[in-house]
Amino acid sequence: MALDKNGIAKRIAQEVKNGTYVNLGIGIPTLIANYIPDNLDVEFQSENGVLGMGPFPIEREEDADIINAGKQTITTLPGASFFDSAMSFSMIRGQHVDLTVLGAMEVAENGDIANWKIPNKMVKGMGGAMDLVASAENIIVAMMHTNKAGKSKLIKKCSLPLTGIGCVKKVVTNLAVLEITPKGFRLLERAPGVSVETIKEATEGHLIVKGEIKEMNI
Amino acid sequence: MIRKEVANVAEAVNGVANNHTLMLGGFGLCGIPENAISELVKLGVSGLTCISNNAGVDDFGLGLLLQKKQIKKMISSYVGENDEFERQMLSGELDVELIPQGTLAERCRAAQAGFPAVYTPAGYGTEVAEGKETREFNGKMYVLEHAFKADFAFVKAWKGDAAGNLIFKGTARNFNPCMSGAARITVAEVEELVHVGELDPNQIHIPGIFVQRIFQGTDYQKRIEQRTVREKI
């Protein structure tokens, strides 16, 4: 069965290593924080200026001055820090943040990503996405394998305006875990009960299938 | 000590004129210069170019200036959550330049720090880099982004003193420090204006040298855009 959004988040949580700083984008990526094991020391960075983000506050403890990049009220954990936007992006561009997870509309087989603009539709802006994808050493995309019209989002070449080029390292979808290689999308794992055939059909870009593809362990 | 304190918000915005370029601190509605924005609405200046990460919501923040059609151009990284903004943008009344958030911060900081431009990897290979100078450093490509030039910067801090020293709170800090000293005149409004000597020099985020005018703000609404809470366990 294909994964739901929480399933995708749960699988990506397995990619988060001990002792790392992580920036989670809006949407599915935000859910990942719920699945990080307690024994891992991980600090979450939000580009509006906080490191060491904690869970949402309990009612009546919300503070208008403490929010995340999605403008949601948050709390901080012991050891947290606040800083200005220039310093925040110094952490990002300077590759001090180890892992970035974000959503996408399209990912190309060469690692290009498009996630900020659909021509002739209302454009809201790229926010910090272009800085994040231009810099992070490890970029994982969390998204559904196909769009609402059933069209593949893992394609040969992005048709939408790009956010960054050749930057995505891994893609985790409702169907599979894929790695971007110089030769295309390499299938690493499939969602429980999802066949390689189903993944092939849902992938427009070049899909490399080598040996037996194991099921995700989630 | 050089005194920066002005009596009120009217004095603080004195000199803002039609077609000026303004920097305004804040991320969403967090840490925005609420008092200065209200006063600019009252002043009725128009044709403004506003450099601000976001454009407020329909009835608050920069949305108030948009309602009165006082803004000619917005330079921002993200502009959702605002119907009037969308209407003006789609009808062509409002010019919008969207730029990466880190580039926005750094173009402010460059202006503050005396750099004419900076190279950033953000946006290379995308439409953001079109027409801009690019250059390779150590095998990676970068885009040349120019420092902003602004007439006024309006920032909001938690505490300040008459010398113009500022301390921010939480994530309300955001773009405010980067914009301080990045325009011809920086105007700081604070929730609490304390006596000189009360602020610990070790704790100052922005030294008064970057601020030309400071005033005690009033009636802060500090609206929350996305109130999210969890169950108490």
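Every heavy atom of this structure was used, including side-chain atoms; hydrogens, water molecules and symmetry mates were not. So you know, we letter chains A, B, ... as the sequences are listed, proteins then strands, and number each from 1.
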Return the option, out of [options], with the maximum number of heavy-atom pairs under 4.5 Å with chain A.
| options | answer |
| --- | --- |
| B/Pro100, B/Ala172, B/Pro177 | B/Pro100 |
| B/Cys108, B/Gly31, B/Gly123, B/Cys30 | B/Cys30 |
| B/Ile224, B/Asn174, B/Val79, B/Asn82 | B/Asn174 |
| B/Leu104, B/Leu98, B/Leu29 | B/Leu98 |
| B/Ile99, B/Val96, B/Asn176, B/Val128 | B/Ile99 |
| B/Glu127, B/Glu106, B/Met89, B/Arg109 | B/Glu127 |

Looking at [options], which has the largest count of heavy-atom pairs under 4.5 Å with chain B?
| options | answer |
| --- | --- |
| A/Glu59, A/Arg60, A/Met87, A/Gln72 | A/Gln72 |
| A/Val50, A/Ile66, A/Ile67 | A/Ile67 |
| A/Ser81, A/Pro55, A/Pro161 | A/Pro55 |
| A/Ala134, A/Gly125, A/Gly127 | A/Gly127 |

At a 4.5 Å cut-off on heavy atoms, which part of [X] comes close to chain A: side chain, backbone, both, or neither?
| X | answer |
| --- | --- |
| B/Gln221 | neither |
| B/Ser76 | neither |
| B/Phe85 | side chain |

Exercise for the section: Please determine if B/Lys222 and B/Glu34 form a salt bridge, counting it only when a charged side-chain N lies under 4.0 Å from a carboxylate O. Expected result: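 Result for this pair is no, no salt bridge flagged.
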Taking the six-membered ring of [Y], is the NZ or CZ of [X] close enough (under 6.0 Å from the centre) and on axis enough (within 45°)?
| X | Y | value |
| --- | --- | --- |
| B/Arg230 | A/Phe56 | no |
| B/Lys156 | B/Tyr220 | yes |
| B/Arg223 | B/Phe60 | yes |

Side chain / backbone / both / neither for [X] at chain B, heavy atoms under 4.5 Å:
| X | result |
| --- | --- |
| A/Asp112 | neither |
| A/Ala69 | both |
| A/Glu47 | both |
| A/Thr163 | backbone |
| A/Val133 | neither |

Exercise for the section: Taking the side chain as every heavy atom from C-beta outward, state whether A/Gln45 and A/Ile92 have any pair of such atoms under 4.5 Å apart. Expected result: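 They are in contact (side-chain heavy atoms under 4.5 Å apart), so the answer is yes.
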Practice task
Flag the pair A/Asp98 / A/Asn138 as yes when at least one side-chain heavy-atom distance between them is below 4.5 Å, and no otherwise.
Solution key: no
Practice task
Give a yes or no on whether B/Asp219 atom CG has more than 12 heavy-atom contacts from other residues, nucleotides or ligands under 6.0 Å away.
Solution key: no
Practice task
Count the heavy atoms belonging to other residues, nucleotides or ligands that lie under 6.0 Å from CD1 of B/Ile209, then report whether that count exceeds 12.
Solution key: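 No, the 6.0 Å shell around CD1 holds no more than 12 heavy atoms from other groups.
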Practice task
Tell me, with the steps shown, if B/Glu93 and B/Arg87 meet salt bridge (charged side-chain N to carboxylate O under 4.0 Å, His left out).
Solution key: CA-CA 9 Å; B/Glu93 290 165 62; B/Arg87 194 197 63 73; 3.0 Å; yes
Completion exercise
From the list B/Phe137, B/Tyr124, B/Tyr142, ring-ring contact (aromatic ring centres under 6.0 Å, His included) with B/Tyr119 holds only for B/Phe137
Practice task
Apply side-chain contact (heavy atoms from CB on, under 4.5 Å) to the pair A/Met143 and A/Ile8, showing each step before the final yes or no.
Solution key: CA-CA 8 Å; A/Met143 65 178 190; A/Ile8 297 173; over 6 Å; no
